[in-house]
Amino acid sequence: MHCAPRPSPRSTALMALALAVGLAAPATSQPHPPPAPYPISDVDTAHGDREFHLLWPDGAPGAIGSEAADQPKLTVYRARAEDANGAAVVVCPGGGYGRLASDHEGKQVAEWLNSLGVTAFVLQYRLGPRYHHPAPLQDAQRAIRLVRARAGDWGVDPTRVGILGFSAGGHLASTAATHFDDGRADAADPIERPGSRPDFAVLAYPVITLEDPAAHVGSRRNLLGEPADPALVGLLSNERQVTARTPPTFLFHTADDPGVPVKNSLFFFDALLAAGVPAELHVFAHGKHGVGLAQSDPALSSWPRLCALWMEGRGLLSRAPARQ
């Protein structure tokens with residue numbers, strides 16, 4: 001296995017100094033009230049009776065049961081026809097690979113994407129300790145393939161399918177962005193024919209490295225079990241897996257994140273720059289972990305607007321007919 005070198009401490013420190021800035025809110029701004037509490041669990045029940053699709057209707061590979069937690073799925077949030085621009089995003093809620101924050105890092109995010117004309121697909125992926133790697137990655141890859149395979153049905157462009165993840169879901173999104181294949185044109189299952197490389201990635205306060213001291217220990221334990229295989233720790237420390245084919249990436253983090261150290265985003269951003277991959281990183285001076293859209297924080301609530309500007313600048317929000 002080839003591992004790219006870890007970014008130097010000096011370059012990381014300079015980047016942190018340059019990027020750790022706070023954004024002051026206008027004096028007249030009024031923060032939104034916090035969302036109502038939602039029970040975070042190992043299955044996604046945040047979407048009511050919305051359209052959803054099992055990734056493997058006949059059972060996921062390696063499934064050890066037939067309960068809801070054994071059946072990864074996508075819940076579909078279609079952009080309104082008058083707004084739809086053809087872009088699509090698979091959304092990976094966080095939760096330390098042990099549960100899913102499916103409301104504030106799933107449902108609410110999908111609704112925000114809809115407001116941009118983007119069709120969103122919230123992923124319920126398999127979790128530890130019941131499942132370990134490679135199950136979550138299999139689920140994310142299958143989700144991207146499914147969106148591409150059914151692009152015509154959902155009115156999306158198969159060349160504009162991105163992935164967005166929060167915290168441990170950000171690790172899953174970064175894993176999908178660095179561990180992918182081009183599909184198998186001769187596969188009997190038509191969903192396995194498209195490639196699994198996302199066309200772009202959005203990583204929100206992501207877990208990136210599984211190596212100490214910057215690792216999020218709970219995510220590593222749930223993903224790999226204990227003791228973790230050192231080879232898998234290296235393989236899934238995604239700052240080491242960035243190549244020129246890693247898709248363009250937007251990241252945001254807070255400098256004093258108490259849950260996942262900001263070095264996770266700095267490592268990945270540094271690796272993207274070294275590989276020549278277009279990237280944008282916003283580090284805010286202060287903020288707790290797990291804020292989602294951060295509607296109650298005058299500074300952090302600007303990240304969705306910054307992300308939308310990045311997407312617009314890359315032509316991802318331009319109207320285009322869905323390719324069949």
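No hydrogens, no waters, no symmetry mates; every other heavy atom, side chains included, goes into these values.
In this structure, the separation between CD1 on I191 and CD1 on I144 is 13.5 Å, given to the nearest 0.5 Å. Here T75 contributes atom OG1 and H53 contributes atom NE2; the two are 9.0 Å apart, rounded to the nearest 0.5 Å. Here the OG atom belonging to S174 is positioned 9.0 Å from the CD atom belonging to E239, to the nearest 0.5 angstrom. Interatomic distance, CD of Q71 versus OG of S66, reported as 6.5 Å (0.5 Å rounding). To the nearest 0.5 Å, atom CG of residue L224 and atom NE2 of residue H132 are 8.0 Å apart. Put simply, CZ on R130 and CG on N222 are 14.0 Å apart, with the number rounded to the nearest 0.5 Å.
Using modelled atom types, one side-chain atom of Y205 and one backbone atom of V291 make a donor-acceptor pair closer than 3.5 Å. Under a 3.5 Å cut-off, the side chain of N238 and the backbone N or O of F268 do not form any donor-acceptor pair. Between the side chain of Y131 and the main chain of I64, a donor-acceptor pair closer than 3.5 Å is present. One N or O on the side chain of Q141 and one on the backbone of H179 form a donor-acceptor pair closer than 3.5 Å. Side-chain atoms of Q124 come within 3.5 Å of backbone atoms of A68 as a donor-acceptor pair (strictly under, hydrogens ignored). Without hydrogens or angle criteria, H282 side chain to C307 main chain gives no donor-acceptor distance under 3.5 Å. Here the side chain of D70 pairs a donor or acceptor atom with the backbone of E67 at under 3.5 angstrom. Judged by distance alone, with hydrogens and angles left aside, the side-chain atoms of D199 form a donor-acceptor pair with the main-chain N or O of V161 at under 3.5 Å. At distances below 3.5 Å, at least one donor-acceptor pair connects side-chain atoms of D139 with backbone N or O atoms of R126. Looking only at distances, no side-chain donor or acceptor of D229 sits under 3.5 Å from a matching main-chain atom of V233.
Counting all heavy atoms, side chain and backbone alike, L210 lies closest to S237 at N-OG, 3.0 Å. Closest approach of P194 to R148, counting heavy atoms only: CB-CB, 3.9 Å. The heavy-atom pair separating A173 from L164 by the smallest distance is CB-C, 4.3 Å. Annotation for A120 and L113: closest pair CB-CD1, 3.9 Å, computed over non-hydrogen atoms. Between A187 and R193, the shortest heavy-atom contact is O-NE, 2.8 Å. For the residue pair G95 and A168, the shortest heavy atom distance occurs at N-CB, 4.4 Å.
With sequence neighbours excluded, the residues that form a salt bridge (charged side-chain N to carboxylate O under 4.0 Å, His left out) with D189 are R142. When the side chain to side chain contact (heavy atoms under 4.5 Å, CB included) test is applied to P230, no partner is found at least two apart in sequence or on another chain.
Remark: the W112 side chain and the Q295 side chain contain no N/O donor-acceptor pair separated by less than 3.5 Å.
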Full working for side chain to side chain contact (heavy atoms under 4.5 Å, CB included) between M311 and V118: CA-CA 11 Å; M311 293 175 70; V118 177; 4.2 Å; yes
Could you walk me through whether L293 and V109 pass the side chain to side chain contact (heavy atoms under 4.5 Å, CB included) test, one step at a time? CA-CA 7 Å; L293 296 177; V109 177; 4.2 Å; yes
Would V122 and R50 count as a side chain to side chain contact (heavy atoms under 4.5 Å, CB included) if you check the C-alpha gap in whole Å, the side-chain angles of each, and the deciding distance to 0.1 Å? CA-CA 11 Å; V122 181; R50 272 192 179 271; over 6 Å; no
Please lay out, stage by stage, how N85 and R160 fare under the test side chain to side chain contact (heavy atoms under 4.5 Å, CB included). CA-CA 10 Å; N85 52 43; R160 284 188 288 152; 4.2 Å; yes
Evaluate side-chain hydrogen bond (donor to acceptor under 3.5 Å, both in side chains) for W56 paired with Q138, printing each intermediate quantity in order. CA-CA 11 Å; W56 286 276; Q138 290 173 329; over 6 Å; no
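Under the 4.5 Å side-chain criterion, counting only non-hydrogen atoms from C-beta, R78 is in contact with E51. The shortest side-chain heavy-atom distance between V202 and W310 falls under the 4.5 Å cut-off. Side-chain contact between L146 and W154: present, with at least one pair of heavy atoms (C-beta onward) separated by less than 4.5 Å. Side chains of I208 and L266 form no contact here, defined as non-hydrogen atoms less than 4.5 Å apart.
D212 has a carboxylate O that lies under 4.0 Å from a charged side-chain N of R220, or vice versa, which qualifies the two as a salt bridge.
Centroid-to-centroid, the aromatic rings of F166 and H104 stay 6.0 Å apart or farther.
Checked against D182 for a salt bridge (charged side-chain N to carboxylate O under 4.0 Å, His left out), the options R245, R197, R145 give a single hit: R245.
Under the 4.5 Å side-chain heavy-atom criterion for ILVMFWY residues, no single connected hydrophobic cluster contains both F121 and L137. No continuous path of hydrophobic side-chain contacts links F180 to L172 [ILVMFWY only; heavy atoms under 4.5 Å]. Both L306 and V91 belong to a single network of hydrophobic side chains, linked directly or stepwise wherever heavy atoms of I, L, V, M, F, W or Y lie under 4.5 Å apart.
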Enumerate donor-acceptor pairs with a distance under 3.5 Å from any side-chain N or O in residues 249-257 to protein atoms, sequence neighbours excluded.
from: T249; atom 1: OG1; to: P247; atom 2: O; distance (Å): 2.8
from: H253; atom 1: ND1; to: S265; atom 2: OG; distance (Å): 2.8
from: H253; atom 1: NE2; to: D257; atom 2: OD2; distance (Å): 3.3
from: H253; atom 1: NE2; to: V260; atom 2: O; distance (Å): 2.9
from: T254; atom 1: OG1; to: D257; atom 2: N; distance (Å): 3.3
from: T254; atom 1: OG1; to: G287; atom 2: O; distance (Å): 2.9
from: D256; atom 1: OD1; to: G287; atom 2: N; distance (Å): 3.0
from: D256; atom 1: OD2; to: H286; atom 2: ND1; distance (Å): 2.9
from: D257; atom 1: OD1; to: G259; atom 2: N; distance (Å): 2.7
from: D257; atom 1: OD1; to: V260; atom 2: N; distance (Å): 3.0
from: D257; atom 1: OD1; to: H289; atom 2: ND1; distance (Å): 3.2
from: D257; atom 1: OD2; to: H289; atom 2: ND1; distance (Å): 2.8

